[in-house]
Amino acid sequence: MADIPARLTVVTLGARDMPGLRRFYRALGWEEVESSGDGWSGFLLGGVLLSLYPLEELAAEAAAGAPAPAGWSGFTLACNVDGPEQVDTSFAAAVRAGAAVVAEPVERSWGGRSAYVADPEGNRWEIAWAPGAGFDGRGALTSFGA
């Protein structure tokens, strides 16, 4: 057994505008966990918690003394969907909810289809269909690849 379990349980985004970022994710139709508020918010997404936390407070915990990030942070989040056509419908829904278009849906060289959007604070989301991706009943990723 590994000393650290092989699992990803929470992704936390440092929010500059907690109420605005919470509104955006709720506009996607995602339900907040009961204890959410403007001091912390969470959305349970297929077995992983998307957590929103005020940027200043997160920086004090995770990067004391470092400057706050500006612009794109150099990572992406992904929402894999069940089929190539769902990339387009999910992309359109995200844009209607207030996401900024980063890259329109296209066929990718790796055999799938994907698009990119940014939430109101610039966090990049890839909406993707990947051949061979499998999900359980909760929507948690159970397999990836051929």
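For the numbers below, each heavy atom of this structure counts, side chains included, while hydrogens, waters and symmetry mates do not.
Between G122 and R124 the shortest heavy-atom distance is O-NH1, 2.8 Å. In this structure, F91 and A115 approach most closely via the heavy-atom pair CD1-CB, 3.5 Å. Of all heavy-atom pairs between F24 and A99, the closest is CE1-N, 3.4 Å. Listed here is the closest heavy atom pair of G39 and P54: O-CD, 3.3 Å. In terms of heavy-atom proximity, T142 sits nearest to F135 at OG1-N, 3.6 Å. Shortest non-hydrogen contact noted between G42 and S36 is N-OG, 3.0 Å.
Applying the side chain to side chain donor-acceptor pair (under 3.5 Å) test to W40 and every residue at least two apart in sequence or in another chain returns S51. Residues satisfying the side chain to side chain donor-acceptor pair (under 3.5 Å) test with D38, not counting sequence neighbours, are R22. Remark: R23 engages no residue in a side chain to side chain donor-acceptor pair (under 3.5 Å) (not counting sequence neighbours). In this structure, the side-chain contact (heavy atoms from CB on, under 4.5 Å) partners of L55, at least two apart in sequence or on a different chain, are R16, A68, P69.
Remark: E57 CD is packed, more than 12 non-hydrogen atoms of other residues, nucleotides or ligands lying under 6.0 Å away.
The main-chain N or O of V87 is never found under 3.5 Å from a side-chain atom of S90 such that the two would form a donor-acceptor pair. Under the 3.5 Å distance criterion, the side-chain polar atoms of E121 are matched with a main-chain donor or acceptor of D17. No donor-acceptor distance shorter than 3.5 angstrom exists from the side chain of T76 to the backbone of E126, with no hydrogens or angles considered. Listed for the S41 side chain is no donor-acceptor partner under 3.5 Å among the backbone atoms of L52.
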Is there a side chain to side chain contact (heavy atoms under 4.5 Å, CB included) between L77 and L13? Walk through the geometry before answering. CA-CA 10 Å; L77 303 163; L13 301 177; 4.0 Å; yes

Residue pair F43, L28: steps toward the side chain to side chain contact (heavy atoms under 4.5 Å, CB included) verdict: CA-CA 11 Å; F43 299 83; L28 293 177; over 6 Å; no

Where do T9 and L49 land on the side chain to side chain contact (heavy atoms under 4.5 Å, CB included) test, with the steps shown first? CA-CA 6 Å; T9 55; L49 184 74; over 6 Å; no

Step by step, would you call V48 with L50 a side chain to side chain contact (heavy atoms under 4.5 Å, CB included)? CA-CA 6 Å; V48 174; L50 176 64; over 6 Å; no

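F75 and L58 are members of different hydrophobic clusters when ILVMFWY side chains are connected at heavy-atom separations under 4.5 Å.
The shortest distance between side-chain heavy atoms of E61 and Y53 falls below 4.5 Å.
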Side-chain donor-acceptor contacts of residues 102-111 below 3.5 Å, not counting sequence neighbours, with atom names and distances?
residue	atom	partner	partner atom	Å
E107	OE2	R113	NH1	2.7
R108	NE	S114	OG	2.8
R108	NH2	S114	OG	3.4

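Note: W30 and Y25 have parallel aromatic rings, judged against thresholds of 30 and 60 degrees for the angle between ring planes.
Evaluation of the salt bridge (Lys or Arg N to Asp or Glu O under 4.0 Å) test over residues 71-84, restricted to residues two or more places apart or in two chains, returns none.
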